[in-house]
Amino acid sequence: MAASFFCAFGLRAQTEPQKSAPLASATPPPNVHDSDKPSTDKIPPPIGSPAQGSADESAKPQVDKNPAPLDPKNMDTSVKPSDDFYMYANGGWLKRNPIPPEESRWGSFNELIEKNNDALHEVAEKAVKTPMHPKLAPEVQKVADYYASGMDEAAVNAAKATPLDDEFKRIDAIKDRQDVLNEIAHLHALGVTSLFGFTSGQDDKNSTMVISQAFQDGLGLPDRDYYTKTDDASKKLRDQYVDHVTKMLAFAGAPVDKASDAARKILAMETELAKGSRTKVELRDPQKNYNKMKAADLQKLTPSFKWADYFKELKLADPGDINVGQPDFFKAADKVFTSTSMDDWKNYFRWHLIHATATELSSDFVDENFTFYLKTLTGTQQLKPRWKRVVTSTDGALGEALGKLYVADYFPPESKARMLELVNNLKAALADRIKTLEWMDEPTKQEALKKLAAFAVKIGYPDKWRDYSALKIDRGPYVLNAARAEMFEVDRELKKIGKPVDRSEWGMTPPTVNAYYNPKMNEIVFPAGILQPPFFNPNADDAINYGGIGAVIGHEMTHGFDDQGRQYDAEGNLRDWWSPESAAKFKERSNAIVRQYAEYEPIKGLHINGELTQGENIADLGGIKIAYAALQKAIAGKAQQKIDGFTPEQRFFLGWAQVWRANIRDEALKLRLNTDPHSPTQYRCNGPLSNSIEFQKAFNLPDSCPMVRPPDKRVTIW
């Protein structure tokens, strides 16, 4: 993936943990933003795949493969649209769709993910059954071998953790601080969390070039606040974490008493790193995360750490300039590096190696990994069936190989053409809005229009597929296939350092149910996976599609002008192109968004973090504004009639609402309120609408109703 932060619309992060690969990740974790998925701001484990184990296939949720554009049965008309539009539009669906035991949440994203999983399952099974031949497309064989190795549950269970024996022996052989340094680099080369993170990424102030990126990392809990909070719930969770680490170390051969002592010391080490880490809100400031320096300056910052030896171990001949995202963290890491004993380092390394590979190991590792990271942290009750976990792992390891096979069967060319038309209409609508903004001065408007005109658009799948020929995949141990895939990705990222940016690269795989904006590339990207109902329905009327995928497009475009994206110019450089007056007026409006969402209390005593979520909230508000304006252009001069009893304007907002329907477990909601840069779905639906005059008019709502904010609190930015 291209190394830069990107702002995503809505992904799997609300359904399953993503792989933890600091070097292979798209970006330093601090800067990655997701909506309903993942992010590298993630629930930690495991590189290689989501949590695994056995699941009852009879519990599989039923997904309508050909849903109606708007199904009245999904509504709850006992609720007034003026009181709670989310429940009015989705109440029927919410009642009929309890959360499956294998999920922490169940909603529109999950339904589509489920549909795509079925498609990927068919693709993978077809590959496995295809007779191997020298002329066979290489991606077919690699997908087949990877998937087959993961599905050989008997072999995986028989092997337990023995495929990692060479790595354990290497760790056991550590004798001094130099060996510790070498092991940190070695684990980074494997894509395993260790002390800090290091990768490649675009230079924020010279977006044509790729430079080295060093950033805070090294934790096993979802966020630094889990180590620093002193409330009873946080203390209990830390105790559960120690118990989890103890069990995992014991599974790998450590005596239980020694494993318990090691786990407590690992928590202490990680706590010191957490204390030196920035909060998620602090990490939203790209200027503060930009600290480019020479290797010699980084050496002065961390005098105990021999960076030349680290780079040598990584086989990185010339790191060039290095962006050190969080300098104070590296000062803290330097102290941890020198103050930690050799035995404690060995245990830390063993833990993070196990943590990173647990989902490709035997069922004892898999089950315990699930118990802590999914059941405890998100409330998920049951492990997913093996095929589903292995398909997801295959997508993570061989995303563009699997994706190439997927789009050949499941993404018609006409969908791409229709999307291009929608994007162009949305761009025109946003241009019109920028030109008529009363709060932005003319010089700033011209810069904004220049940036909008320069937006690159990627739809469906890459024009140039990734070459996996150097990646060895066989039908041997599953965990080794996953590890080689991580090493391949790490190596690919490191080889970019010092070279021009490849703007053809994608940051998501084709089957992904999401979309994103990348400010350093100034691009909006829509994978094939999301271009299906309820987001995009080729058989639906314009109103439904503009309320669905149109608002997704508008959301991603608005990210180019949210509190973070607006700091990047048309070329993707971190540069202030705003007049002081326009910047001040933007800040006034974005502060109002922060205040609005901070008032919401999804769980008693827990409010939405308005600062953390402001970028996504700004994008949601802008998305519906722009999409609605584009719809009006699309239907202008055409005869309109009601469908299902609703006007096009009403169907637009109902189309928006059905995108956000979801039930979520309390544990998962609490986790997201602590870590997610996106608001809970009910507020993503209602929050923007309460600011929309167009919404109020469409449903003829009185000024005094709950779904209409008072004029003095109503917010419009874009």
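The analysis underlying the following values was restricted to heavy atoms, covering all of them including side chains, and did not include hydrogens, waters or symmetry mates.
- Relative to the six-membered ring of Tyr227, Arg238 misses at least one condition, a distance below 6.0 Å or an angle of at most 45° to the axis.
- To the nearest 0.5 Å, the span separating CD on Glu486 from CG on Asn481 amounts to 12.0 Å.
- Put simply, the side chain of Glu270 reaches to within 4.5 Å of the side chain of His352, judged on heavy atoms.
- Panel note: side chain Asn116, backbone Val513; no donor-acceptor pair is recorded below 3.5 Å.
- Between Glu167 and Arg170 there is no salt bridge, since no side-chain N of the basic residue sits under 4.0 Å from a carboxylate O of the acidic one.
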### Message
The test is side chain to side chain contact (heavy atoms under 4.5 Å, CB included); show your working for His244 and Tyr373 and say whether it passes.
### Response
CA-CA 9 Å; His244 168 66; Tyr373 284 103; 3.5 Å; yes

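- Rounding to the nearest 0.5 Å gives a distance of 11.0 Å between OG1 of Thr512 and CG of Leu112.
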### Task
Step by step, work out the side chain to side chain contact (heavy atoms under 4.5 Å, CB included) result for Leu494 and Leu314.
CA-CA 9 Å; Leu494 293 180; Leu314 274 185; 4.2 Å; yes

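- The line from CG of Asn117 to NZ of Lys115 is 12.5 Å long, rounded to the nearest 0.5 Å.
- No side-chain N or O of Ser362 forms a donor-acceptor pair with one of Asn157 less than 3.5 Å apart.
- Rounding to the nearest 0.5 angstrom, the gap separating the NZ atom in Lys229 from the CG atom in Asn674 is 4.0 Å.
- Using a 4.5 Å heavy-atom threshold, the side chains of Thr279 and Arg224 count as touching.
- A donor-acceptor pair shorter than 3.5 Å cannot be found between the side chains of His186 and Glu313.
- When side chains are defined from C-beta on, Leu361 does not count as touching Tyr478, because their heavy atoms never get closer than 4.5 Å.
- Taken to the nearest 0.5 Å, the CE atom of Met151 stands 12.0 Å off from the CZ atom of Arg475.
- Residues Glu368 and Met248 have side chains in contact (heavy-atom distance under 4.5 Å, counting atoms from C-beta outward).
- Leu612 approaches Asp676 most closely through the heavy-atom pair CD2-O, 3.4 Å.
- The two residues Ile354 and Ala252 make their nearest non-hydrogen contact at CD1-CB, 3.5 Å.
- Under the 4.0 Å criterion applied to side-chain N and carboxylate O atoms, Glu103 and Arg665 are not assigned as salt-bridge partners.
- In this structure, the side chains of Thr193 and Leu219 stay at 4.5 Å or more apart for every pair of heavy atoms.
- A donor-acceptor contact shorter than 3.5 Å links the side chain of Ser341 to the backbone of Asp344.
- Salt-bridge annotation for Glu183 and Lys346: absent, with no side-chain N of the basic residue lying under 4.0 Å from a carboxylate O of the acidic one.
- The two residues Asp334 and Ser304 have their closest heavy-atom pair at OD1-N, 3.1 Å.
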#### Entry: From CA spacing to verdict: side chain to side chain contact (heavy atoms under 4.5 Å, CB included), Leu673, Asn609
CA-CA 7 Å; Leu673 288 171; Asn609 186 330; over 6 Å; no

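- In this structure, the side chain of His188 engages the main chain of Ser194 through a donor-acceptor pair within 3.5 Å.
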### Task
Might you work through the ring-ring contact (aromatic ring centres under 6.0 Å, His included) test for Phe329 and Phe196, ending with a clear yes or no?
CA-CA 9 Å; Phe329 169 82; Phe196 60 91; 7.8 Å; no

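- Electrostatic pairing of Asp261 and Lys265 counts as a salt bridge here, judged by a charged N lying under 4.0 Å from a carboxylate O.
- Counting only distance, with no hydrogens or angles, the side chain of Glu400 and the backbone of Arg466 share a donor-acceptor pair below 3.5 Å.
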### Message
Test side chain to side chain contact (heavy atoms under 4.5 Å, CB included) on Val390 and Trp387; report intermediate values, then the result.
### Response
CA-CA 5 Å; Val390 176; Trp387 71 261; 5.9 Å; no

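- Salt-bridge annotation for Lys142 and Glu139: absent, with no side-chain N of the basic residue lying under 4.0 Å from a carboxylate O of the acidic one.
- With hydrogens and angles left out, the side-chain atoms of Asp223 and Thr675 include no donor and acceptor closer than 3.5 Å.
- Taking a cutoff of 4.0 Å between a charged side-chain nitrogen and a carboxylate oxygen, Asp243 and Lys247 qualify as a salt bridge.
- Contact check for Thr340 versus Tyr348: no side-chain heavy atoms found under the 4.5 Å cut-off.
- In this structure, the side chain of Glu102 does not engage the main chain of Gln382 through any donor-acceptor pair within 3.5 Å.
- Residues Trp506 and Tyr516 keep their aromatic ring centres 6.0 Å or farther apart.
- Ionic pairing of Arg350 and Asp172 is present here: one or more N-O contacts between side-chain nitrogen and carboxylate oxygen are shorter than 4.0 angstrom.
- Using the six-membered ring where Trp is involved, Tyr241 and Trp351 have ring planes that are perpendicular, over 60° apart on the 30 and 60° scheme.
- With hydrogens and angles left out, the side-chain atoms of Asn289 and Arg278 include a donor and acceptor closer than 3.5 Å.
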### Test log, rule side chain to side chain donor-acceptor pair (under 3.5 Å), inputs Asp257 and Ser260
CA-CA 5 Å; Asp257 57 338; Ser260 178; over 6 Å; no

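- Closest heavy-atom contact between Pro527 and Pro510: CB-O, 3.5 Å.
- The nearest pair of heavy atoms linking Tyr146 to Ile473 is N-CG2, 3.5 Å.
- Judged by distance alone, with hydrogens and angles left aside, the side-chain atoms of Asp179 form a donor-acceptor pair with the main-chain N or O of Lys175 at under 3.5 Å.
- Looking only at distances, no side-chain donor or acceptor of Arg386 sits under 3.5 Å from a matching main-chain atom of Asp152.
- In summary, the side chains of Gln240 and Thr376 do not present any donor paired with an acceptor at a separation below 3.5 Å, with no hydrogens or angles considered.
- Side-chain atoms of Ser234 and Asp231 form a donor-acceptor pair, as typed in the model, at a separation below 3.5 Å.
- In this structure, Thr380 and Phe370 have side chains that are in contact, with non-hydrogen atoms separated by less than 4.5 Å.
- To the nearest 0.5 Å, the span separating CG on Leu190 from CZ on Arg484 amounts to 12.0 Å.
- Taking every heavy atom of both residues into account, Arg105 and Ala662 meet most closely at NH2-CB, 3.4 Å.
- By the 4.5 Å heavy-atom criterion applied to side chains, Glu122 and Tyr406 are not counted as neighbours.
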### Task
Using the side chain to side chain donor-acceptor pair (under 3.5 Å) rule, take Thr378 and Glu667 through it: C-alpha gap first, then chi angles, then the decisive distance, then the call.
CA-CA 5 Å; Thr378 74; Glu667 297 91 338; over 6 Å; no

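- Side-chain atoms of Glu114 do not come within 3.5 Å of backbone N or O of Asp118 as any donor-acceptor pair.
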